[in-house]
There are 2 protein chains.
Amino acid sequence: MDVKYPLRKVNFTFEVNELRNRIKDLRLVYDLTQDELAEKLEVSRQTIISLEKGRYNPSLILAYKISRVFMCRIEDVFIFEEGNENG
Amino acid sequence: MDVKYPLRKVNFTFEVNELRNRIKDLRLVYDLTQDELAEKLEVSRQTIISLEKGRYNPSLILAYKISRVFMCRIEDVFIFEEGNENG
DNA sequence: TACAAATGTAAAGTGTGCTTGACATTCAGA
DNA sequence: TCTGAATGTCAAGCACACTTTACATTTGTA
């Protein structure tokens, strides 16, 4: 990336209050079982269950791999419920 | 999401061999110090240093917050070097 | 009914993302 | 020079993403 001029500073901070996802829906669209999806992603079936239940904030690489299996972007799979300090 | 018909199964698995990012460049474009960026993201300065040096695979929420500070998408900040089993 | 496949829960263990604190190095400006 | 801001290293510790195993529940179907 070629940096010419600094832009003015952004004066926001961002909070992500909740992370939801469409993994279960997408998995059904693609006709995959939890086991099959786990195998494609090279994670355990427990990980799929926990993700589908929204139990945790996955690593970026795992999120990316999920989005690739479903042939879309990360933001199409994961929904970030957001608030910021200024509103 | 309204699931009507399952699509045919994808028969790929995905490997992410390397994760690079443009955080340092973007930080300079926005004229932020590591300290300032850390404060916006509510992480430590060490975390920024380690991220810029590519030392780890951040959580999805942190990756998302970074992309929002820089007003772009996750895939604009992070570069996934990819290979898959089928070639 | 009975069986198998798919989904789910529980619980203990491991690896790593991220923190904290202390200190070193670089570099621009007075 | 000297000083302070910015960047960097190192190391110990904690929280949680992810694994593994074992077993329970649901659901479709012969």
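Any value given below was found using the heavy atoms of this structure, including those in side chains, with hydrogens, waters and symmetry copies removed. Each chain gets a letter, A, B and so on, in the order the sequences are listed, and its residues count up from 1.
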From [atom1] of [X] over to [atom2] of [N], roughly how many Å is that when rounded to an integer?
X: B/I48; N: C/dT19; atom1: CD1; atom2: C1'; answer: 13 Å
X: B/Q34; N: D/dT7; atom1: CD; atom2: P; answer: 5 Å
X: B/R45; N: C/dT25; atom1: CZ; atom2: P; answer: 15 Å
X: B/Q46; N: C/dA24; atom1: CD; atom2: P; answer: 16 Å
X: B/I61; N: D/dA15; atom1: CD1; atom2: P; answer: 18 Å
X: B/I49; N: C/dT20; atom1: CD1; atom2: P; answer: 14 Å
X: B/K53; N: D/dA6; atom1: NZ; atom2: C1'; answer: 13 Å

Checklist entry - Which of parallel (below 30°), tilted (30 to 60°) and perpendicular (above 60°) describes B/F80 and A/Y64? => result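 The arrangement is parallel - the two ring planes meet at less than 30°.
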Checklist entry - DNA chain D: stems of at least 3 consecutive Watson-Crick or G-U pairs, cut-off 3.5 Å? => result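 Listed by first number, the stems are C:1-30 with D:1-30.
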Checklist entry - Given D/dA6, is OP1 or OP2 found less than 4.0 Å from the side-chain N or O atoms of B/R27? => result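 For D/dA6, neither OP1 nor OP2 has a side-chain N or O of B/R27 closer than 4.0 Å.
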Checklist entry - Does C/dG8 have OP1 or OP2 sitting under 4.0 Å from an N or O in the side chain of A/K24? => result yes
Item to check | Least distance between heavy atoms, B/D35 atom then B/R45 atom | outcome: OD1-CD, 3.6 Å
Item to check | Heavy-atom pair of closest approach, residues A/E75 and B/I74 | outcome: OE2-N, 3.1 Å
Show the distances under 3.5 angstrom between N or O atoms of the protein and N or O atoms of nucleotides 15-18 of chain C.
from   : atom 1 : to    : atom 2 : distance (Å)
C/dC18 : OP1    : B/S59 : N      : 3.2
C/dC18 : OP1    : B/S59 : OG     : 3.0

Checklist entry - Mind checking whether B/V16 and B/V77 sit in one hydrophobic cluster, side chains of I, L, V, M, F, W, Y counted as touching below 4.5 Å? => result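 Yes; tracing contacts between hydrophobic side chains, which count when under 4.5 Å, links both residues.
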